[in-house]
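Quick notes on the structure that follows.
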Amino acid sequence: MNRLYARLLAAYGPQGWWPAESPFEVMVGAILTQNTTWVQVIRAIDRLRDEALLAPTALLDLSVDALAERIRPAGYPNVKARRLQALCQWLVRSGGLPALAECATDTLRADLLAVHGVGPETADSILLYALARPVFVIDAYTRRILSRCGHIGGREPYETLRREVESNLRTADPVADYNELHALIVQHGKIACRPRPRCEACILRTDCAAAREDQRHG
DNA sequence: TGCCAGGGATTAG
DNA sequence: CTAATCCATGGC
């Protein structure tokens with residue numbers, strides 16, 4: 001796992017994630033980016049920022065329809081509007097970000113997973129990138145890359161993969177390195193490790209199963 | 001033009 | 001526990 005990290009870092013450089021201006025903006029982005037490209041999330045967030053709506057109470061004061069209209073570029077507007085408000089309600093009821101800083105990571109994780117619209121990846125993205133907790137984020141790219149490079153089978157449950165990475169990556173600073181590795185995996189996934197792999201652009205093709213398959217078929 | 005994106009809830013088996 | 005289906009927009 002450290003070798004993968006080193007190669008990705010050498011190839012792409014530090015990614016500087018999460019691309020947001022505040023912890024709350026990270027949380028909003030974590031919901032909006034579900035099954036959607038980041039450029040569309042930016043449009044939705046910019047719209048919220050332009051209207052000074054990037055605060056929990058501001059989003060809660062909007063009707064679902066009004067919020068949906070503003071986040072429409074990010075897709076699933078009706079679904080995500082409800083999810084954003086559910087997250088804001090949890091945030092307000094919890095006492096806000098300062099109160100969350102006092103909570104244990106396991107408690108926060110369970111709380112987040114109980115919020116409507118927050119699944120394992122969204123919860124872990126919030127824990128790592130908004131709350132600076134040492135939790136590795138598993139996403140579709142992580143599964144694909146680790147699978148093609150022979151680290152995993154690919155169908156393992158989310159928790160299995162998360163612990164697999166967390167226990168196999170040696171680090172003195174888990175928050176910083178989990179942050180960087182996940183960001184690098186997404187970057188590599190966008191460039192080369194796609195459903196239809198672009199092996200000519202893949203820096204990992206020497207140990208990638210998809211690249212070997214690609215070579216046999218010319 | 002069809003495939004895909006930094007998922008998750010719901011339902012059925 | 002796994003597998004389908006739905007949610008919607010925009011880039012390529």
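Throughout, protein chains are lettered first and strands after them, A, B, ... in sequence-line order, and every chain is numbered starting at 1. Atoms considered below: every heavy atom in the structure, side chains included; atoms not considered: hydrogens, waters and symmetry mates. The shown structure was predicted, so the numbers you read here are calculated from the model rather than taken from an experiment.
For the pair A:T36 and A:R155, both in contact range of DNA chain C, the more 5′-proximal nearest nucleotide belongs to A:R155. Each of A:Q40 and A:Q34 was matched to the nucleotide of DNA chain B holding its nearest heavy atom; the match closer to the 5' end belongs to A:Q40.
By the 4.0 Å N-to-carboxylate-O rule, A:E69 lies close enough to A:R72 to be salt-bridged with it. Taking the charged nitrogens against the carboxylate oxygens, A:R109 and A:D106 have no contact shorter than 4.0 Å, which rules out a salt bridge.
Rounding to whole angstrom units, CZ of residue A:R143 and C1' of B:dG7 are separated by 11 Å. Going from atom CD of A:E121 over to atom C1' of B:dA9 covers 15 Å, rounded to whole Å. For A:Y76 and B:dG8, the OH to P distance is 12 Å, given to the nearest whole Å. As rounded to whole Å, 14 Å separates atom P of B:dA5 from atom NE2 of A:H188. The interatomic distance linking A:R83 (CZ) with B:dA9 (C1') rounds to 6 Å, in whole Å. For the pair A:Y129 OH and B:dG6 C1', the interatomic distance rounds to 9 Å; values are reported in whole Å. Rounded to a whole Å, the CG atom of A:L87 is 12 Å from the P atom of B:dG8. Rounded to whole Å, the distance from CG on A:D124 to P on B:dG8 is 9 Å.
Backbone-only contact: A:G119 has heavy atoms under 4.0 Å from sugar-phosphate atoms and none from a base. At the heavy-atom level, A:V39 lies nowhere under 4.0 Å from the strands shown. Using a 4.0 Å heavy-atom cutoff across all strands shown, A:H116 reaches sugar-phosphate atoms only and no base atom. Across all strands shown, A:V79 has heavy atoms under 4.0 Å from sugar-phosphate atoms exclusively, and none from any base. Using a 4.0 Å heavy-atom cutoff across all strands shown, A:P120 reaches sugar-phosphate atoms only and no base atom. At a threshold of 4.0 angstrom between heavy atoms, the contacts of A:R194 with the nucleic acid are absent.
Heavy-atom contacts of chain A under 4.0 Å fall on DNA chain C between two terminal nucleotides, which in 5' to 3' order are C:dC7 to C:dG11.
Partners of A:Y12 under the ring-ring contact (aromatic ring centres under 6.0 Å, His included) rule, at least two apart in sequence or in another chain, are A:H188.
The aromatic ring of A:W38 does not stack onto the base of B:dA5, failing the criterion of a centre distance under 5.5 Å from the six-membered base ring together with planes under 30° apart. By the stacking rule of 5.5 Å between ring centres and under 30° between planes, A:Y141 does not stack on the base of B:dA5.
For the P atoms, the distance linking C:dC7 with B:dT1 amounts to 23 Å, nearest Å. Between B:dC3 and C:dA8, the two C1' atoms lie 15 Å apart (nearest whole Å). Spacing between C:dT2 and B:dG6 at atom C1', rounded to whole Å, works out to 24 Å.
Between A:R144 and B:dA5, a side-chain N or O to OP1/OP2 separation shorter than 4.0 Å is present.
For the atom pair CD1 (A:I45) and CD (A:Q40), the distance works out to 12.5 Å, reported to the nearest 0.5 Å. To the nearest 0.5 Å, atom CG of residue A:L67 and atom CG of residue A:N78 are 10.0 Å apart. Annotation: the span from A:E164 atom CD to A:H151 atom NE2 amounts to 8.5 Å, rounded to 0.5 Å.
Using the six-membered ring where Trp is involved, A:Y129 and A:H182 have ring planes that are tilted, between 30° and 60° apart.
Taking all atoms of both residues into account, the shortest heavy-atom contact from A:R133 to A:A104 is NH1-C, 3.8 Å.
In the set B:dG8, B:dA5, B:dG6, B:dA5 carries the atom at the smallest distance from any side-chain atom of A:P195.
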